[in-house]
Amino acid sequence: VRNDMPEHHERGREDEHARGGTDPCEAPMARFRRRELLRIYLQDVRRTHTIVETTEELSNLADAILDYALSLARQELDNRYGAPLRHDEKGRISTAEFCVVALGKLGSCELNYASDIDLVFLYSDDGTTAGSDERGKTSTREYFIKLAENISKLVGQPSGEGAAYRVDLRLRPHGRDGALAAARRRADRVRGAGSPRRARRSQRPRRPAHRSSCRSCYSPNRPRTPPG
């Protein structure tokens with residue numbers, strides 16, 4: 001997948017502005033996905049790729065779109081609240097980490113043309129943001145919940161050209177009643193104390209669906225770097 005989402009985003013902003021659209025970010029993602037789907041489909045028709053190669057490339061496409069949605073959403077929140085911070089055992093301050101975890105078919109790199117994407121959002125530690133001139137500080141929990149909401153909206157909310165993907169968030173800790181983003185330790189406690197059904201769910205294929213560092217947040221079964 002050739003990830004030229006930034007160029008699509010800039011063209012999409014101009015197109016949406018010219019049409020009087022309300023959100024300049026969502027349409028370019030859907031347009032980019034359709035273009036890449038056509039390319040993958042033509043390769044599939046010509047039988048130049050195996051089924052494994054095709055499903056992996058479809059998964060790579062979803063990774064690229066999620067990665068770009070994450071960068072857009074995080075830039076907006078950093079400008080509003082400042083970067084999310086964490087304190088280690090020695091009191092040292094560093095940036096809190098965030099991970100978009102792919103489950104199901106996307107988690108196992110077996111996405112097909114019509115698949116939805118199962119996602120869980122995890123972050124490393126509770127704390128506060130650095131603050132900004134616009135809004136001041138907020139908790140990292142609030143920051144990452146807003147980040148998860150914005151990513152889900154960018155990728156899954158229909159625009160004038162449809163949604164990039166159908167996003168399923170029901171597999172998060174506490175299910176539909178839980179917050180969209182959870183601290184890693186809290187998610188581990190829920191998984192360890194859950195029902196047999198929840199335990200089976202936790203054993204499904206899963207991995208980070210973006211290239212940002214999240215090693216302290218999540219140890220994937222299949223580490224893999226999405227293409228740029």
Heavy-atom donor-acceptor pair, T129 side chain to P84 backbone, under 3.5 Å: no
Under 3.5 Å donor-acceptor, E53 side chain and T50 backbone: yes
Judged by atom type as modelled, is there a donor-acceptor pair below 3.5 Å linking the side chain of S115 to the main-chain atoms of L111? no
Would you mind checking if R170 and D168 are paired as a salt bridge, meaning a charged N to carboxylate O distance below 4.0 Å? yes
Is any side-chain heavy atom of S94 closer than 4.5 Å to a side-chain heavy atom of R86? yes
Can you check whether L154 reaches I65 side chain to side chain, under 4.5 Å on heavy atoms? no
Please walk me through it: do M29 and Y165 pass side-chain contact (heavy atoms from CB on, under 4.5 Å)? CA-CA 9 Å; M29 293 187 189; Y165 290 97; over 6 Å; no
For L171 versus V120, what's the shortest heavy-atom pair and its separation? O-CG2, 3.8 Å
Applying salt bridge (charged side-chain N to carboxylate O under 4.0 Å, His left out) to R166 and not counting sequence neighbours gives none
E149: what forms a side-chain hydrogen bond (donor to acceptor under 3.5 Å, both in side chains) with it, not counting sequence neighbours? none
H49 and E57: CA distance, side-chain angles, deciding distance, side-chain contact (heavy atoms from CB on, under 4.5 Å) verdict: CA-CA 10 Å; H49 285 184; E57 191 156 12; 3.4 Å; yes
Closest non-hydrogen atom pair, A163 against G156: CB-O, 3.3 Å
Transitive ILVMFWY side-chain link Y113 to L42, under 4.5 Å: no
Hits for ring-ring contact (aromatic ring centres under 6.0 Å, His included) against F144, two or more places apart or cross-chain, chain-then-number order -> F98, Y123
Check side-chain hydrogen bond (donor to acceptor under 3.5 Å, both in side chains) between N150 and all other residues, then give those that pass, not counting sequence neighbours. none
Check against side-chain contact (heavy atoms from CB on, under 4.5 Å), L70 and L147: CA-CA 8 Å; L70 171 60; L147 182 61; 4.1 Å; yes
Between Y143 and G82, the two heavy atoms sitting closest are CE1-O, 3.7 Å
CG on D118 to CZ on R172, rounded to 0.5 Å: 12.0 Å
Taking all non-hydrogen atoms of both residues into account, name the closest pair between V155 and A69 and its distance. CG2-CB, 3.7 Å
Out of curiosity, L77 CG to T138 OG1, how far, rounded to the nearest 0.5 Å? 9.5 Å
Value rounded to 0.5 Å, distance of OG1 in T95 from CG in D78: 8.5 Å
pair V101-L119: side-chain heavy atoms closer than 4.5 Å: no
Spell out, as yes or no, whether a donor-acceptor pair under 3.5 Å connects the side chain of T55 to the backbone of E110. no
Intermediate values then yes/no, side-chain hydrogen bond (donor to acceptor under 3.5 Å, both in side chains), D63 and Y68: CA-CA 9 Å; D63 286 351; Y68 193 65; over 6 Å; no
If hydrophobic clusters are built from ILVMFWY residues whose side chains come within less than 4.5 Å, do L106 and V52 share one? no
Between CG of L66 and CD1 of I151, what distance do you get to the nearest 0.5 Å? 7.5 Å
Could you tell me whether a side-chain N or O of T48 sits under 3.5 Å from a main-chain N or O of Q43, the two making a donor and an acceptor? yes
Within a 6.0 Å radius of atom CD1 on I51, are there more than 12 heavy atoms belonging to other residues, nucleotides or ligands? no
Pairwise distance NZ(K105) to CD1(I117) - rounded to 0.5 angstrom: 13.5 Å
Working to the nearest 0.5 Å, report the span between OG of S152 and CG of L169. 4.5 Å
Sidechain-backbone polar pair: R74 side chain, S71 backbone, donor-acceptor under 3.5 Å: no
For Y41, give me all partners under side-chain hydrogen bond (donor to acceptor under 3.5 Å, both in side chains), at least two apart in sequence or on another chain. none
Residues forming a salt bridge (charged side-chain N to carboxylate O under 4.0 Å, His left out) with K146, sequence neighbours excluded: E142
Closest heavy-atom contact between I145 and A179? CD1-CB, 3.8 Å
Between R34 and R31, is the side-chain contact (heavy atoms from CB on, under 4.5 Å) condition met? List the steps. CA-CA 5 Å; R34 284 206 309 274; R31 190 180 308 129; 4.3 Å; yes
Search all heavy atoms of A148 against all heavy atoms of L180 and return the closest pair with its distance. CB-CB, 3.9 Å
Taking R39 first and then E36, would you say they form a salt bridge - that is, a charged N and a carboxylate O separated by under 4.0 Å? yes
Taking 4.0 angstrom as the limit, do R185 and D125 come out as a salt bridge? yes
State, with a plain yes or no, whether a side-chain heavy atom of V167 is found less than 4.5 Å away from one of D116. no
